Amino acid sequence: MIEILLLAFALSMDAFAISIGLGVKSQNFNKFLAIKVALLFGFFQALMPLFGYLASIGLDTFITSIDHWIAFILLIIIGGKMIYESFQEGTEDEITIITNKILLILAVATSIDAMAAGFTLNLLDLNPFISMLIIGIVTLVFSFIGVFIGTKGGTFLEDKAEKIGGVILIGIGLKILIEHLFFH
């Protein structure tokens, strides 16, 4: 259960950072915007791991002997990408008006990493549906809080959230590899 909570926390950090930026954009706390952001980000963050999980099942017989390496590489890449992006200018800085279309694009874009992480759910020996639900709920909560923090001037948290999420994903990748190499 700790692994899924860490995975959910790490995956939600992209959405959290974007949500802070959206809150900064709106300047005054808008509960309707916060709920919309939370629902969209939480939904797609919960849905995308299913695609990764289903792909891993379909490929299971072909990759069983190297699945730990694939999970390790995917999590290292996703974590590294999150850390790298934390040093870049935020996507939300380029947005002038927060529309439903923009929110949908951001929700899908921030959840792509979750699709790749869903590939690792088999290796973590977790129930994929409970994992997806937890990932969605954690993202929903962090996204709502992110909009609120952004309206209060919490921009200093944006890059730190992505860095922490990246480090956690790298840690999970290392754990999978070390467990397979030394304990199987």
Side-chain angles (χ1 to χ4, degrees), residues 4-55 74-75 77-119 121 128-169:
I4 188 55
L5 288 174
L6 284 173
L7 183 64
F9 176 81
L11 290 173
S12 70
M13 289 298 101
D14 264 351
F16 180 60
I18 297 287
S19 298
I20 291 171
L22 292 171
V24 169
K25 281 271 181 225
S26 66
Q27 294 177 341
N28 295 317
F29 182 65
N30 178 338
K31 192 184 301 187
F32 183 66
L33 173 66
I35 291 170
K36 225 177 358 178
V37 168
L39 288 173
L40 276 170
F41 284 27
F43 174 75
F44 281 100
Q45 206 72 348
L47 180 66
M48 289 298 196
L50 176 63
F51 297 131
Y53 173 74
L54 292 174
L74 280 174
L75 291 171
I77 289 171
I78 297 167
K81 178 179 161 281
M82 285 177 72
I83 293 169
Y84 173 77
E85 287 175 352
S86 72
F87 292 103
Q88 307 302 308
E89 187 149 328
T91 305
E92 67 283 354
D93 293 340
E94 301 164 9
I95 299 169
T96 54
I97 299 172
I98 303 170
T99 64
N100 289 336
K101 182 179 176 183
I102 294 289
L103 291 179
L104 183 63
I105 291 168
L106 289 172
V108 171
T110 59
S111 64
I112 298 295
D113 294 348
M115 183 170 50
F119 192 83
L121 292 177
F129 300 104
I130 291 173
S131 301
M132 290 167 23
L133 182 65
I134 291 170
I135 290 167
I137 290 170
V138 168
T139 302
L140 181 139
V141 169
F142 272 103
S143 297
F144 185 88
I145 292 169
V147 172
F148 178 77
I149 289 172
T151 60
K152 302 300 179 197
T155 56
F156 67 96
L157 288 177
E158 280 181 270
D159 63 331
K160 290 169 188 54
E162 286 186 295
K163 286 178 187 138
I164 291 168
V167 168
I168 290 172
L169 289 177

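Remember, predicted model here, so these are calculated numbers, not experimental data. The residues of the chain are indexed from 1 along the displayed sequence.
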Atom [atom1] of [X] and atom [atom2] of [Y]: how far apart are they, to the nearest 0.5 Å?
X	Y	atom1	atom2	value
Ile78	Ile168	CD1	CD1	13.5 Å
Phe148	Ser19	CZ	OG	14.0 Å
Leu22	Leu103	CG	CG	6.0 Å
Ile164	Phe16	CD1	CZ	9.0 Å
Ile145	Leu140	CD1	CG	9.5 Å

Heavy atoms only: give me the nearest [X]-[Y] pair and the separation to one decimal.
X	Y	result
Val24	Gly150	CG2-O, 3.3 Å
Ala10	Gly165	CB-O, 3.4 Å
Ser131	Ile4	CB-CD1, 3.3 Å
Leu106	Ile18	CD1-CG2, 3.9 Å
Ala116	Leu74	O-CD1, 3.7 Å
Ser12	Val138	OG-CG1, 3.7 Å

Q: Answer whether the closest heavy-atom distance between the side chains of Met115 and Leu47 falls below 4.5 Å.
A: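 They are not in contact (no side-chain heavy atoms under 4.5 Å apart), so the answer is no.
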Using residues 33-46 as the side-chain source, report each donor-acceptor pair under 3.5 Å to any protein atom, sequence neighbours left out, with the distance given to one decimal.
unit_1, atom_1, unit_2, atom_2, d
Lys36, NZ, Asn100, OD1, 2.7
Gln45, NE2, Leu11, O, 2.6

Q) Quick check: are there more than 12 heavy atoms from other residues, nucleotides or ligands sitting under 6.0 Å from OH of Tyr84? A)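 Not more than 12 within 6.0 Å, no.
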Q) What side-chain hydrogen bond (donor to acceptor under 3.5 Å, both in side chains) pairs are there with at least one residue in residues 101-114, not counting sequence neighbours? A)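 Counting only pairs at least two positions apart or across chains, the side-chain hydrogen bond (donor to acceptor under 3.5 Å, both in side chains) contacts touching residues 101-114 are Lys81-Asp113.
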(Q) Using the side chain to side chain contact (heavy atoms under 4.5 Å, CB included) criterion, which residues pair with Phe129? Sequence neighbours excluded. (A)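 Residues passing side chain to side chain contact (heavy atoms under 4.5 Å, CB included) with Phe129: Leu50, Asn127, Met132.
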